Trainee: 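For reference, the structure I am asking about is given below.
None of these values were measured; they are calculated from a predicted model. One is the number of the first residue; the rest follow in order along the sequence. Just the heavy atoms: all of them, side chains too, but no hydrogens, waters or symmetry mates, feed the values below.
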Amino acid sequence: MGGRQFRATLLFVLISLLVGAAYRSLSGPDGPTFVERLRTLEESDALREEEGREATGLAGIDPDSAAPPPATRGLPGNRSRAKMSSLALGRIDPDRASASDWERLPGIGPALAARIVSDRAARGAFGTPEGLLRVRGIGPRTLERLRPFLRSAPADSASPFAN
C-alpha cells in the first residue's frame with residue numbers, strides 16, 4: 001500500500017495535526033489566535049527596529065551640545081552604557097586626547113586608542129574629525145559613532161576636553 005515516501009508523508013501530516021491540536025488545546029478557547037500572536041510579534045519587532053534606529057541615528061543630536069548622546073547600537077549594551085556614563089561632560093579633542101581618554105569613548109578599546117595616539121605622534125595632528133580616518137581600524141561608520149564626542153579645541157587650550 002504505498003512506498004516509503006508515502007508513509008513518511010502520511011507520518012508528517014499526522015504529526016502536524018497532533019501538534020496543531022495540542023497548540024489549540026493549550027491556547028484555550030479564549031486565548032489569542034495565531035493571527036493575533038503573529039500581529040503582536042510584528043508590532044514588537046517594529047518597535048525594536050524603531051528603537052534601534054533612534055539609538056544608532058544621530059538625528060536629533062545638537063552637534064554643539066556638550067552632553068554625550070544616548071548609548072549607540074552595535075556595542076555590548078551594559079558595557080557601552082557604563083562606558084558612556086563615565087564620560088565627562090564635554091567633547092574630546094582628537095589632537096590632545098590621551099589613550100585613556102580615547103578608551104572611554106564607545107567602540108574604542110586599548111589597541112585602537114594606542115593606534116590613534118601613535119598615529120598622531122608619528123604623522124601630526126588630525127586637524128578635523130575626518131583626519132581620524134587615516135588610522136587603521138577607524139572607518140566611516142566608526143567616525144560617525146564617535147563624531148558626537150569629538151571637537152577641535154582652540155590651540156591655547158591645555159585640556160583634552162572642550163566645553
Side-chain angles (χ1 to χ4, degrees), residues 19 22-23 26-28 30-163:
V19 168
Y23 174 79
L26 289 175
S27 65
D30 28 333
T33 65
F34 177 76
V35 174
E36 291 170 343
R37 288 184 187 207
L38 184 62
R39 192 172 296 131
T40 303
L41 289 173
E42 288 173 345
E43 289 171 0
S44 66
D45 284 347
L47 281 174
R48 275 192 229 121
E49 186 175 312
E50 188 167 320
E51 288 172 358
R53 273 193 232 123
E54 290 173 1
T56 58
L58 298 177
I61 297 173
D62 180 14
D64 295 326
S65 73
T72 56
R73 190 174 184 175
L75 298 173
N78 294 339
R79 181 174 164 230
S80 66
R81 285 194 179 105
K83 206 179 213 189
M84 292 171 74
S85 67
S86 69
L87 285 172
L89 286 180
R91 296 182 180 189
I92 192 171
D93 179 13
D95 295 330
R96 290 181 174 76
S98 67
S100 62
D101 295 333
W102 282 107
E103 286 181 46
R104 295 180 355 193
L105 298 181
I108 304 292
L112 186 53
R115 278 199 307 269
I116 293 169
V117 171
S118 66
D119 182 276
R120 185 180 63 211
R123 298 163 86 180
F126 296 111
T128 63
E130 287 77 19
L132 288 168
L133 291 172
R134 72 184 190 206
V135 177
R136 185 176 55 85
I138 296 184
R141 286 176 57 189
T142 304
L143 179 62
E144 287 307 309
R145 186 173 54 229
L146 294 174
R147 193 176 297 277
F149 299 99
L150 302 177
R151 181 171 173 192
S152 296
D156 57 352
S157 174
S159 171
F161 295 99
N163 291 325

Trainee: Report the residues that fulfil side-chain contact (heavy atoms from CB on, under 4.5 Å) with Val135, sequence neighbours left out, ordered by chain and then residue number.
Mentor: Leu112, Arg115, Ile116, Asp119, Phe126, Ile138

Trainee: State, to 0.1 Å, how close Arg145 and Gly107 come at their nearest heavy-atom pair, and which atoms those are.
Mentor: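 Residues Arg145 and Gly107, closest heavy atoms: NH2-CA, 4.1 Å.
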
Trainee: Any chance you could measure Glu43, atom CD, to Thr40, atom OG1, to the nearest 0.5 Å?
Mentor: 6.0 Å

Trainee: Tell me the closest heavy-atom pair linking Val117 and Ala97, and the distance in Å.
Mentor: CG2-O, 4.1 Å

Trainee: So, taking the atom named CG in Leu143 and the one named CG in Leu150, what distance separates them when rounded to the nearest 0.5 Å?
Mentor: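 Reported value, rounded in 0.5 Å steps: 7.0 Å.
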
Trainee: OG of Ser98 to CZ of Arg120: how many Å apart, nearest 0.5 Å?
Mentor: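 Here the rounded value is 8.0 Å.
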
Trainee: Closest heavy-atom contact between Pro106 and Phe149?
Mentor: CG-CE1, 3.5 Å

Trainee: Could you tell me whether Arg39 atom CZ has more than 12 heavy atoms of other residues or ligands within 6.0 Å of it?
Mentor: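 No, not enclosed.
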
Trainee: How long is the span from the CZ atom in Arg147 to the CG atom in Leu132, to the nearest 0.5 Å?
Mentor: 9.0 Å

Trainee: First locate atom CD1 of Ile108, then atom CG of Asp101, and finally report the distance between them rounded to the nearest 0.5 Å.
Mentor: 12.0 Å

Trainee: If I compare all heavy atoms of Trp102 with all of Pro94, which pair ends up nearest, and what's the gap?
Mentor: CZ2-CA, 3.5 Å

Trainee: So which heavy atom on Ala113 is nearest to which on Ala99, and how close?
Mentor: CB-O, 3.5 Å

